[in-house]
Amino acid sequence: MRTDTRGGPEALRELEGLRNSFGSGAPARKAALLDALARARLTTAAEVLRLHEALCVVRAYPDDAAVLRRAARMLAAFEHRPDLRDHRDALADSGIAGTAIHYRFYAPTARWLATRWPAQLTVDWEEVDRGDRLEVLLPLLALPAETPGLDEVDLGLRGWIRRLAGPRTTDAAFVVRRFAELPLDDQARDLLYDQIDLPLRLAPGADTPARTREPLPARSPWFPRRTLGGRPDLAREARRRPRAVRALTPREGARWIDRARAAMVTRSRDLDVFAYGGPDDVRVVEWDEGLQFVVIGAIPERRLLLEGVYAWLTVRNGVPIGYVLVSALYRSSEIAYNVFETYRQGDAARVYARVLATTRTLFGTDTFTIFPYQLGDDNDEALDSGAWWFYAKLAFAPRDSAARRLAAVERRRVARDPKHRSSRATLKRLARANLFFDLGPRRRDVMGEIPLPSVGLVVTDHLALRFGAARAEAARVCSAEAAELLGASPAEFPPGERMAWERWAPLALVLPGLARWTPAEKRALAEVMRAKGGRRESDFVARFDAHAKLRRAIRALAERGEAG
C-alpha cells in the first residue's frame with residue numbers, strides 16, 4: 001500500500017470535526033478524507049489512536065453505504081498499517097488490533113482467556129507486586145510427588161512456575177488452569193485466585209479481543225440524517241416500547257456473552273455479570289436507529305439474594321458503544337450507564353432514554369435511581385464528566401434534603417450566570433445522595449430508599465443466635481423447615497432452583513408473620529424462591545413484585561435491621 005506522510009494530520013483533524021455532522025455534503029467529504037487517510041502514514045502514536053477512534057465512530061454512525069464500506073475496510077486492515085507497526089508498543093492497552101493488553105483480570109475472565117487464547121496469555125512479571133501470595137500457594141498447584149523439590153529447591157516464584165508449566169504451556173495458562181482445577185467450590189476457588197491479584201498480558205493474535213474487530217455487519221444499517229445530541233423528554237420517551245424483544249438460544253447467547261467479555265477486556269475492564277453470564281438468559285432488545293441492547297443475566301450461582309441484576313451491551317449498527325448495569329426490584333431499578341469513551345460525544349442522552357424504556361419493558365419499572373458512585377462519589381471519572389448534571393438535566397432529582405438545598409443553590413447561580421459551573425467540591429457533595437426519576441406517583445418502597453443490605457443483618461442475627469458456627473447445619477435445617485412450612489419439595493427441584501431455595505430459606509423463616517400467611521401466599525412465596533434459580537432472573541423479579549405481602553415483609557425486615 002502506498003503511504004503518504006503529507007496531509008494526514010490535517011485530514012484527521014477535519015474528519016474528527018465532522019463526527020457529528022451529517023448531510024449537506026458531509027458524506028462526500030468524509031469519504032474523501034477516509035480515502036486520504038487510508039494512504040497516509042501518521043507520525044505519532046497519538047495520531048494513530050485518534051484515527052482508530054474516528055474510524056470506530058464513523059463505523060457506528062455512518063453517513064451512507066459508501067462511507068460505511070470505507071470505514072469497515074480501513075478497520076479490517078488497520079493492524080497492518082505501517083504507522084501502527086511503528087508505534088505498536090506505545091499503543092499497548094489501546095484495544096487496537098495488533099497491540100497487547102495488560103490487566104489484572106478476575107478469575108472467570110482469566111479462565112476464559114486461558115481457554116480461548118492460552119498461547120497469548122502470560123504473566124506480566126514486571127507488574128507482579130504481591131508474588132508472596134502466589135508463592136505460598138504453589139504446593140496447591142503441584143502434585144504431592146512434586147513437593148520434595150518445592151520444599152527444598154529455590155528456583156524463585158517465576159522459575160518454579162516456568163518449571164511446573166513445562167515447555168508447551170505459558171506461565172499464566174498454567175496458573176489459571178490449576179486454580180480452576182482446585183477441589184473447592186466455585187466461589188471459594190475464584191476468591192482465592194482473585195487474592196493473588198495476578199497481572200496478565202494478552203499478546204495480540206489473529207482473533208484475540210480487539211476493539212478494531214468488534215463491529216458486526218448490521219442487517220439494516222442506520223444512516224443518521226441529523227446532528228446528534230439533544231435532550232429527550234424522559235417522561236414521554238421512557239414509556240415507549242421497543243420494536244422487539246428476542247430471546248436467544250443458548251448458543252446465540254454464549255456468542256454474545258463472548259462479545260461482551262471481549263468488549264471489557266479490550267478496555268481493561270471486568271464486569272461480573274458478563275464474566276458469569278448465563279447463555280440461557282440472554283435477550284436482544286431491538287430499537288430504531290440501529291440500536292440494540294443485548295441483555296445478559298448471570299448464572300444462578302452468581303445471582304444476588306434479592307435484586308435481579310442484568311448487564312447489557314449497547315450496540316449501534318453492530319458496534320458495541322457502551323454497557324448498562326440494571327438492578328431491579330419493587331418495580332424500581334438502579335441503573336449504571338456507561339458509554340465507551342470513543343462514543344461519548346453525540347446522542348448519549350437519547351440512548352439513555354431507551355435504557356429507561358427498555359428497563360420499564362423488562363421489569364415494569366416506574367421509579368429509576370442513580371446511586372452515588374455513578375454520580376461521582378469516589379469516582380473521579382464521573383466527576384470529570386459532570387455526571388450529576390447530565391442526569392439532573394434529564395429531570396432526575398435528589399430526595400435527600402441537603403442535596404436538594406445544594407442543588408437549588410447551584411441552579412440559582414446558573415440562572416444569574418449561565419457560564420457558572422459547579423466546583424469539584426460541590427459535585428462531590430451533590431454525589432453523596434441518590435438521584436430519582438418517577439414515572440408514576442412518588443413511592444418510598446423503591447430501591448435507593450429501602451435499606452436492602454439490612455435484611456442480611458436480621459438473618460445473620462437469627463442464625464448466629466440459633467446456630468453459632470454451625471452454618472452448614474443451619475443451611476440444612478432452614479431448608480427443611482421452610483419446605484415444611486411452605487409445602488414444597490426442594491429435592492425434586494432442578495439444581496438451580498434447589499440451590500436458590502437453600503439460599504433463601506433462612507430469609508423466609510424470619511419473614512414477620514409468615515406462619516399466618518394464607519396457603520396461596522405461601523405457595524406464591526415458594527415460587528418466588530424457586531424463580532431465583534430459574535432460567536431467567538427477571539421471572540423472579542416479576543413474581544416478587546406481584547407478591548404484595550412479601551414486599552411488605554422484606555421492607556419491614558430492612559427497616560428493622562437498619563434500626564438495630
Side-chain angles (χ1 to χ4, degrees), residues 1-22 26-63 66-102 204 208-215 224 227-229 262-269 314 316-322 338-348 381 384-385:
M1 178 181 69
R2 183 175 68 83
T3 60
D4 188 350
T5 59
R6 298 167 299 173
E10 291 79 6
L12 177 57
R13 282 194 293 272
E14 186 177 352
L15 180 63
E16 290 173 323
L18 291 172
R19 64 173 288 160
N20 288 333
S21 298
F22 304 92
R29 187 57 187 154
K30 287 181 186 177
L33 291 169
L34 291 172
D35 288 342
L37 287 163
R39 297 187 299 270
R41 184 164 184 164
L42 301 172
T43 57
T44 70
E47 289 173 346
V48 175
L49 177 60
R50 286 167 51 205
L51 173 59
H52 183 270
E53 303 309 275
L55 290 173
C56 289
V57 171
V58 173
R59 176 62 182 79
Y61 298 88
D63 299 66
V67 169
L68 175 59
R69 283 195 301 271
R70 284 172 168 82
R73 186 166 58 242
M74 289 179 68
L75 284 171
F78 203 89
E79 64 183 302
H80 304 298
R81 289 180 62 97
D83 46 16
L84 175 64
R85 291 197 297 269
D86 293 343
H87 302 288
R88 191 184 306 275
D89 291 342
L91 290 168
D93 301 322
S94 65
I96 297 176
T99 65
I101 296 171
H102 306 77
T208 50
R211 294 193 295 115
T212 318
R213 290 191 284 262
E214 283 183 331
T227 299
L228 301 180
M264 295 292 106
V265 166
T266 60
R267 293 167 173 86
S268 298
R269 302 185 185 207
T314 307
R316 175 81 81 179
N317 276 334
V319 181
I321 64 169
N338 187 288
V339 178
F340 294 141
E341 185 175 1
T342 304
Y343 309 99
R344 285 182 185 169
Q345 297 178 31
D347 59 347
E381 184 179 1
D384 294 339
S385 68

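Computed from a prediction, not measured in an experiment: that's the story for all the values here.
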Take F340 and C56 through the side chain to side chain contact (heavy atoms under 4.5 Å, CB included) test and state the conclusion after the steps.
CA-CA 11 Å; F340 294 141; C56 289; over 6 Å; no

Derivation and outcome, side chain to side chain contact (heavy atoms under 4.5 Å, CB included), residues V48 and F78:
CA-CA 10 Å; V48 175; F78 203 89; 3.9 Å; yes

Apply side chain to side chain contact (heavy atoms under 4.5 Å, CB included) to L34 and L55, showing your working.
CA-CA 9 Å; L34 291 172; L55 290 173; 3.5 Å; yes

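T266 places a side-chain N or O within donor-acceptor distance of the main-chain N or O of A262, the cut-off being under 3.5 Å. In this structure, the side chain of D83 does not engage the main chain of R41 through any donor-acceptor pair within 3.5 Å. Between the side chain of E47 and the backbone N or O of T43 there is at least one donor-acceptor pair closer than 3.5 Å. With R39 contributing its side chain and D35 its backbone, the two residues share a donor-acceptor pair below 3.5 Å. Remark: the backbone N or O of G98 is paired with a side-chain donor or acceptor of R88 at under 3.5 angstrom. Of the possible polar contacts, none joining the R59 side chain to the T212 backbone as a donor-acceptor pair under 3.5 Å is found. Under a 3.5 Å cut-off, the side chain of R81 and the backbone N or O of A77 do not form any donor-acceptor pair.
A salt bridge links E79 to R213: at least one charged side-chain nitrogen sits closer than 4.0 Å to a carboxylate oxygen. Between R269 and E341, none of the side-chain N atoms (NZ, or NE/NH1/NH2) sits under 4.0 Å from a carboxylate O, so this pair counts as no salt bridge. Look at D63 and K30 and you find a salt bridge, because one of the NZ, NE, NH1 or NH2 atoms lies within 4.0 Å of a carboxylate O, short of that distance. Salt-bridge check for R211 with E53: passed, with a basic side-chain N closer than 4.0 Å to an acidic carboxylate O.
Remark: H52 NE2 to S94 OG distance equals 7.0 Å, nearest 0.5 Å. For the atom pair CD1 of I321 and OG1 of T342, the computed distance is 10.5 Å after rounding to the nearest 0.5 Å.
Two residues are said to be in side-chain contact when any heavy atoms from C-beta on lie closer than 4.5 Å; T99 and P204 fail this criterion. Contact of the R344 side chain with the N338 side chain is registered, since non-hydrogen atoms from C-beta on lie closer than 4.5 Å. Side chains of N317 and P62 form a contact here, defined as non-hydrogen atoms less than 4.5 Å apart. At least one side-chain heavy atom of L33 sits less than 4.5 Å from a side-chain heavy atom of L18.
R267 approaches P320 most closely through the heavy-atom pair NH2-O, 4.1 Å. Between H80 and R85, the shortest heavy-atom contact is O-NH1, 2.8 Å. Heavy atoms only, all atoms of each residue included: L84 and A97 are closest at CD2-O, 3.3 Å.
D347 and Y61 form a side-chain donor-acceptor contact under 3.5 Å, judged by distance and modelled atom types alone.
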